[in-house]
Protein chains: 2
Amino acid sequence: MANSTLDRFDRAILAILQEDNTTPQRRIGELVHLSAAAVQRRIRRLEQTGVIQANVAQLDPARLGRAITLIVEISVESERLDLLDATRARLAAAPEIQQCYYVTGESDFVLIVTVATMAEYQALTRRLFFADGNVKSFRTQVVMDRIKTGTRIPVD
Amino acid sequence: MANSTLDRFDRAILAILQEDNTTPQRRIGELVHLSAAAVQRRIRRLEQTGVIQANVAQLDPARLGRAITLIVEISVESERLDLLDATRARLAAAPEIQQCYYVTGESDFVLIVTVATMAEYQALTRRLFFADGNVKSFRTQVVMDRIKTGTRIPVD
DNA sequence: GGTCTCGATGCAACATTGTTGCAGGCTCAC
DNA sequence: GTGAGCCTGCAACAATGTTGCATCGAGACC
């Protein structure tokens, strides 16, 4: 169930939905040469099997008062699993943290953060980094230009 | 036009659409205590004024054969504007690069990359980094766990 | 080759959802 | 007051999503 293979129709449909999921199924049908009903059934299957994880609106952070984007790398003191999991859970729960990755290499976590003001970021560092005994250090990079954002993936 | 202020209705609607933009407008109306027609008009305005930038399906990269996510930091040789712009354009055009940020600090660009194999990544480094005379160095971190992804922004 | 099953399809009817015209209400400026 | 502007809800309507049904094609098995 989780591993049905995707044919070229599925991939064509996904490519369209990834750009604009308000495209009518009839229109998708024309583009990929299927009936709207067939498109509908495929989309449902793709959703049920988890290929499509969510259907969402993408918002402009600046228009919501969050003009500042930051990229933060965190290094932890200990790789002990319970401590790591605790930190991971705290990071995942913070709404200002848009994305969070656990990585190999010099640092342990990489975050993408959006805030309205640097004061807000400072508060966040106190709340999430300084207050977390297992956070050894963190390095902040300020985003000057969001050249490319989103979640688009090549469907090949 | 670009700076109409968002009231609590707008923000409530955005919060819903950001989670699931297939929610029927009638249902949104119930949740925020407006008629479906009012919801419809607000959504249209939010789209036209650019608060809502896109409506997209989010896909599972692993199910599309891209199990590997990498975070790459690039340092450039020269900050000359024409050279920077050329690099920026090349990075933005690469489909494997899901996200690209121009940042202050030790490095100049931060990328989020998805690939199927490390061989594919190696090919990408040759094509985009080694072949670009202005890329001084790059540092790669391999993502072990995508703890939190997406484009969600607090609407407050 | 025959034939059976399975999965997918298109069509057409139907259900749900999105859209718009209209009348009315609220707020603000004068 | 009163008029303009903006927003609302309602109800009709248009567009879109959904499903039952008959059919088709591919593969398994005899």
Side-chain angles (χ1 to χ4, degrees), chain A residues 1-60 62-65 150-153 155-156, chain B residues 1-60 62-65 150-153 155-156:
Chain A
M1 132 132 184
N3 246 337
S4 51
T5 111
L6 306 175
D7 64 17
R8 68 185 186 84
F9 288 117
D10 289 324
R11 290 178 186 273
I13 291 169
L14 290 172
I16 293 166
L17 294 181
Q18 207 176 198
E19 299 289 330
D20 179 6
N21 70 355
T22 67
T23 312
Q25 295 173 352
R26 284 162 170 74
R27 176 82 188 119
I28 299 175
E30 293 169 16
L31 293 172
V32 306
H33 305 297
L34 278 179
S35 69
V39 170
Q40 136 80 10
R41 293 182 193 111
R42 281 170 180 269
I43 292 175
R44 184 156 45 91
R45 187 167 51 78
L46 291 167
E47 284 173 343
Q48 284 173 346
T49 59
V51 179
I52 296 175
Q53 294 186 314
N55 287 287
V56 304
Q58 290 184 343
L59 311 184
D60 181 349
R63 302 296 302 282
L64 285 158
T151 57
R152 198 165 311 164
I153 298 162
V155 295
D156 287 341
Chain B
M1 130 135 186
N3 248 337
S4 51
T5 111
L6 307 175
D7 63 17
R8 67 185 187 87
F9 289 117
D10 290 323
R11 291 177 186 273
I13 291 169
L14 290 172
I16 293 167
L17 294 180
Q18 208 176 196
E19 299 288 332
D20 179 7
N21 70 354
T22 67
T23 312
Q25 296 173 351
R26 283 163 169 75
R27 175 84 187 116
I28 298 175
E30 293 169 17
L31 293 171
V32 306
H33 305 297
L34 278 178
S35 70
V39 170
Q40 137 79 10
R41 294 183 193 109
R42 282 170 180 268
I43 291 176
R44 184 156 43 92
R45 188 167 49 79
L46 291 167
E47 284 172 345
Q48 284 173 347
T49 59
V51 180
I52 296 175
Q53 294 185 315
N55 287 286
V56 305
Q58 289 184 342
L59 311 184
D60 181 350
R63 301 296 303 283
L64 285 158
T151 56
R152 199 165 310 165
I153 298 161
V155 295
D156 288 340

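Labels below follow one simple rule: chain letters A, B, ... track the order of the sequence lines, proteins then strands, and each chain is numbered from 1.
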### Query
If you look only at pairs with a residue in residues 31-40 of chain B, which of them pass as a salt bridge (Lys or Arg N to Asp or Glu O under 4.0 Å), with sequence neighbours excluded?
none
### Query
Reading DNA chain D 5' to 3', which nucleotide is the first, and which the last, to come under 4.0 Å of any heavy atom in chain B?
D:dC7 to D:dC10
### Message
For A:Gly50 versus B:Asp60, what's the shortest heavy-atom pair and its separation?
### Response
O-CB, 3.5 Å
### Task
For side-chain contact (heavy atoms from CB on, under 4.5 Å), just list the numbers for B:Asp20 and A:Val56, CA-CA rounded to whole Å, side-chain angles, deciding distance to a tenth of an Å, and then say yes or no.
CA-CA 5 Å; B:Asp20 179 7; A:Val56 304; over 6 Å; no
## Note on the structure
To the nearest angstrom, the CG-C1' distance between B:Asn55 and C:dG18 comes to 14 Å
### Query
Going by heavy atoms closer than 4.0 Å, what residues in residues 18-27 of chain A are next to DNA chain D?
A:Pro24, A:Gln25, A:Arg26
### Message
Could you tell me how far apart A:Gln40 (CD) and C:dC14 (P) are, to the nearest whole angstrom?
### Response
18 Å
#### Entry: Audit row: A:Val155, B:Leu59, side-chain contact (heavy atoms from CB on, under 4.5 Å) steps and yes/no
CA-CA 10 Å; A:Val155 295; B:Leu59 311 184; 4.3 Å; yes
### Query
With distance as the sole test, does B:Gln18 use its side chain to make a donor-acceptor pair with the main-chain N or O of B:Ile153 at under 3.5 Å?
yes
### Message
One pair to check against side-chain contact (heavy atoms from CB on, under 4.5 Å): A:Asp10 and A:Arg45. What are the steps and the verdict?
### Response
CA-CA 10 Å; A:Asp10 289 324; A:Arg45 187 167 51 78; 3.3 Å; yes
### Query
How long is the line joining CZ of A:Arg44 and C1' of C:dG7, in whole Å?
14 Å
### Message
Is there a side-chain contact between B:Glu47 and B:Asn55 in this structure, where contact means two heavy atoms from C-beta onward sitting under 4.5 Å apart?
### Response
yes
### Message
What verdict does the side-chain contact (heavy atoms from CB on, under 4.5 Å) test give for B:Leu14 and A:Leu64, after you've listed the backbone C-alpha separation in whole Å, the side-chain angles of each residue and the deciding distance to 0.1 Å?
### Response
CA-CA 10 Å; B:Leu14 290 172; A:Leu64 285 158; 4.0 Å; yes
### Task
Quick one: list whatever passes salt bridge (charged side-chain N to carboxylate O under 4.0 Å, His left out) with A:Arg27, sequence neighbours left out.
A:Glu30
#### Entry: Five-pair end axes of the helix from C:dG1-D:dC30 to C:dC30-D:dG1, angle between them (10°)
30°
### Atom pair distance, as rounded to whole Å: CZ in A:Arg41 and P in C:dC11
12 Å
### Query
Looking only at side-chain N and O atoms, does A:Arg42 come under 4.0 Å of OP1 or OP2 in C:dT9?
yes
### A:Arg63 and B:Leu46, any side-chain heavy atoms less than 4.5 Å apart
no
### Contact list for DNA chain C against residues 29-38 of chain B - heavy-atom distance below 4.0 Å
B:Ala37
### Task
Would you indicate whether the side-chain heavy atoms of A:Arg41 and A:Arg44 approach each other to under 4.5 Å?
yes
